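Just so you know, these numbers come straight off a predicted model, no measurement behind them. Below, read A as the first sequence line, B as the second, and so on, with proteins coming before strands; counting in each chain starts at 1. Side-chain atoms are counted along with the backbone in the values below, which use heavy atoms only and exclude waters and symmetry mates.
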2 protein chains.
Amino acid sequence: MQRQGYIYNRAAANLRQRVSSTVALVINDLSNPFFAEFAAGVDEALGAKGFVTLLGSSNESPARQRQVLGSMIEHHPAGIILSPAENSDIADVELAIGRHAPLLVFNRELTGAPVAGFEYDFLGLDNRAGARAATARLLALGHRRIAFYGGHASSSSCRERRLGYLDALAEAGIAVEPHWMIETAPTRLEANAHAAELFAADTAPTAAVCYNDAVALGLMLGLARLGRHPGVDFAITGFDNIPEAAVGVPPLTTLNADPRARGRQAAELLLQRAAAPSSPRQSIIVPVLLTERESTPHAPSA
Amino acid sequence: MQRQGYIYNRAAANLRQRVSSTVALVINDLSNPFFAEFAAGVDEALGAKGFVTLLGSSNESPARQRQVLGSMIEHHPAGIILSPAENSDIADVELAIGRHAPLLVFNRELTGAPVAGFEYDFLGLDNRAGARAATARLLALGHRRIAFYGGHASSSSCRERRLGYLDALAEAGIAVEPHWMIETAPTRLEANAHAAELFAADTAPTAAVCYNDAVALGLMLGLARLGRHPGVDFAITGFDNIPEAAVGVPPLTTLNADPRARGRQAAELLLQRAAAPSSPRQSIIVPVLLTERESTPHAPSA
DNA sequence: CTGAAAGCGCTTACAG
DNA sequence: CTGAAAGCGCTTACAG
């Protein structure tokens with residue numbers, strides 16, 4: 001049959017059968033290893049089920065995201081997996097895709113008021129419980145002055161992680177000093193630059209729960225610059241468990257989000273949803289587990 | 001028109017018009033930042049021209065790559081951008097996609113004998129000239145014992161980079177000691193583990209040209225473990241200029257491959273090709289420029 | 001059971 | 001210039 005170079009035309013078949021063999025994947029930032037791993041996981045699971053991934057990238061721009069979604073929806077995908085750009089509105093997304101394909105939102109909640117009749121599934125990390133576990137571990141190691149370092153409070157994941165941190169401190173009966181909560185862009189560079197703020201007052205922390213691994217690695221550099229020794233006289237935890245975390249100096253204690261597994265999970269949830277469009281929407285919050293490495297020494301006995 | 005939720009069916013339009021608005025992108029390893037950036041660049045440029053990216057991932061497996069290409073080709077893309085898995089054969093690729101879509105190969109040459117009538121464009125980096133420039137710079141800084149560190153000699157990019165290194169040393173009239181060429185997997189972890197091999201003989205190098213940035217960053221950790229101080233008593237260069245290179249300790253002198261720009265370039269080349277299917281095939285080798293940072297001190301004056 | 005016809009949602013070439 | 005018909009490559013429901 002195909003010895004003469006015949007190639008099956010799946011688009012024609014899909015048109016006739018009124019089904020789709022594609023799934024759209026729209027990512028806020030492919031150059032972030034966390035999302036790149038997620039995309040790899042999605043593609044892996046979709047490929048295994050015979051689906052092809054339509055890739056789109058929003059670069060954290062809601063305008064670009066709208067455009068990309070609009071272009072994707074014209075290919076009538078079986079579903080859409082969206083890791084939203086910061087500050088992307090429910091109403092915007094609804095406008096772009098209508099109700100023509102099931103939507104799975106990953107990692108961040110959409111902002112704005114719900115739109116009547118527009119529903120979607122959600123897959124996210126248990127940011128609050130994760131940050132709480134990291135903070136609790138530092139408390140168990142004897143730390144009493146613990147900072148929450150990095151991230152933008154405008155992002156839902158940062159707010160949730162801060163809550164978990166506050167939960168743990170409140171439970172231990174510790175009042176948080178204002179200068180223990182330091183806001184930075186969630187990048188290595190910015191985290192490096194703000195390290196000195198931790199030591200601006202005399203109730204300086206002996207440990208920091210960082211917003212994510214990039215921030216934690218940046219803070220390590222910043223501390224070294226200030227003559228401190230992370231993993232020796234200062235304890236640091238991260239969030240995500242990116243590959244660099246294990247090979248940092250010192251190796252970083254962090255929360256394991258396993259983005260590749262999340263990608264596979266997202267793909268499977270979406271395909272289930274596509275098969276059962278009217279069953280109730282789900283919101284799945286995945287627990288994240290602490291992976292202990294050498295960056296979290298005991299508190300100084302002083 | 002679309003107030004009532006009408007959505008244009010581009011697949012039907014493509015079928016009727018006998019054109020395609022998709023391009024397939026098959027990547028060997030999305031979790032490598034270099035390729036993730038490349039993918040982001042491709043998607044960006046394709047999106048701007050109204051094309052949608054079909055994403056596939058081979059995970060460095062030629063078998064999986066064949067399968068992915070087969071599944072992509074059924075969607076009749078306007079073209080295929082392939083960053084091949086290691087050891088993927090021309091004949092294999094031809095079998096999977098036939099001559100139904102123009103092919104652009106990125107970064108690595110396909111292996112095996114050419115297949116008559118099966119042609120493709122190629123976009124790659126000037127590995128040889130790049131490595132040569134890095135080596136020449138180390139020579140200019142006074143280094144005389146320079147290693148080539150990391151990478152698998154079975155990969156064409158590693159062989160090419162080694163040739164550039166040898167070019168520069170030969171030009172300077174320096175004979176290479178066997179233990180100056182150390183093979184490791186191209187990862188941070190492996191590069192870290194083999195650092196001691198540099199100092200196994202008494203003609204130990206004072207500098208190393210590394211296969212890529214991951215290897216260079218790993219080697220830095222390994223040197224620190226051995227009580228050496230990269231950027232002070234040992235010079236290191238990388239290859240790629242991944243984001244981590246600029247924020248390492250010390251910041252890494254490296255060759256700027258700008259994968260995102262390569263992605264945009266690949267997309268544009270492919271669309272040109274799709275518009276002019278019969279013009280002669282091109283092989284474009286992009287120069288890579290040295291970005292100097294603090295990891296390359298002068299040779300010790302001893 | 002086999003084979004010709006109708007139809008998915010578009011676009012285009014052709015008749016009125 | 002407008003409107004109905006044909007056709008892209010498939011699948012499916014129906015006639016023989």
Sticking with atom P, work out how far dG7(C) lies from dG16(D), rounded to a whole angstrom.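 The same atom, P, in both gives a distance of 16 Å.
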Please indicate whether Leu189(A) has more than 12 foreign heavy atoms, meaning atoms of other residues, nucleotides or ligands, lying under 6.0 Å from its CG.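 No, not enclosed.
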Just by modelled atom types, is the Leu289(A) backbone N or O under 3.5 Å from a matching donor or acceptor in the Asn256(A) side chain?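 Between the backbone of Leu289(A) and the side chain of Asn256(A) there is no qualifying donor-acceptor contact (under 3.5 Å).
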Between Arg108(B) and Ser83(B) (side chain of the first, backbone of the second, donor and acceptor by atom type, cut-off under 3.5 Å), is there such a pair?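 Side chain of Arg108(B) to backbone of Ser83(B), a donor-acceptor pair under 3.5 Å: no, none is there.
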5' to 3' contact window, DNA chain D with chain A (heavy-atom distance under 4.0 Å):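 The contacted stretch runs from dG9(D) to dT12(D).
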Salt bridge flag under 4.0 Å for residues Arg262(A) and Glu37(A):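 No, Arg262(A) and Glu37(A) are not salt-bridged.
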Residues forming a ring pair (Phe, Tyr, Trp, His ring centres under 6.0 Å) with Phe106(A), sequence neighbours excluded: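 Counting only residues at least two positions away or on another chain, Phe106(A) forms a ring pair (Phe, Tyr, Trp, His ring centres under 6.0 Å) with Phe38(A).
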Scan every strand shown for a Watson-Crick or G-U wobble partner of dC14(D), both distances under 3.5 Å, and answer none if you come up empty.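 WC or wobble partner is dG3(C).
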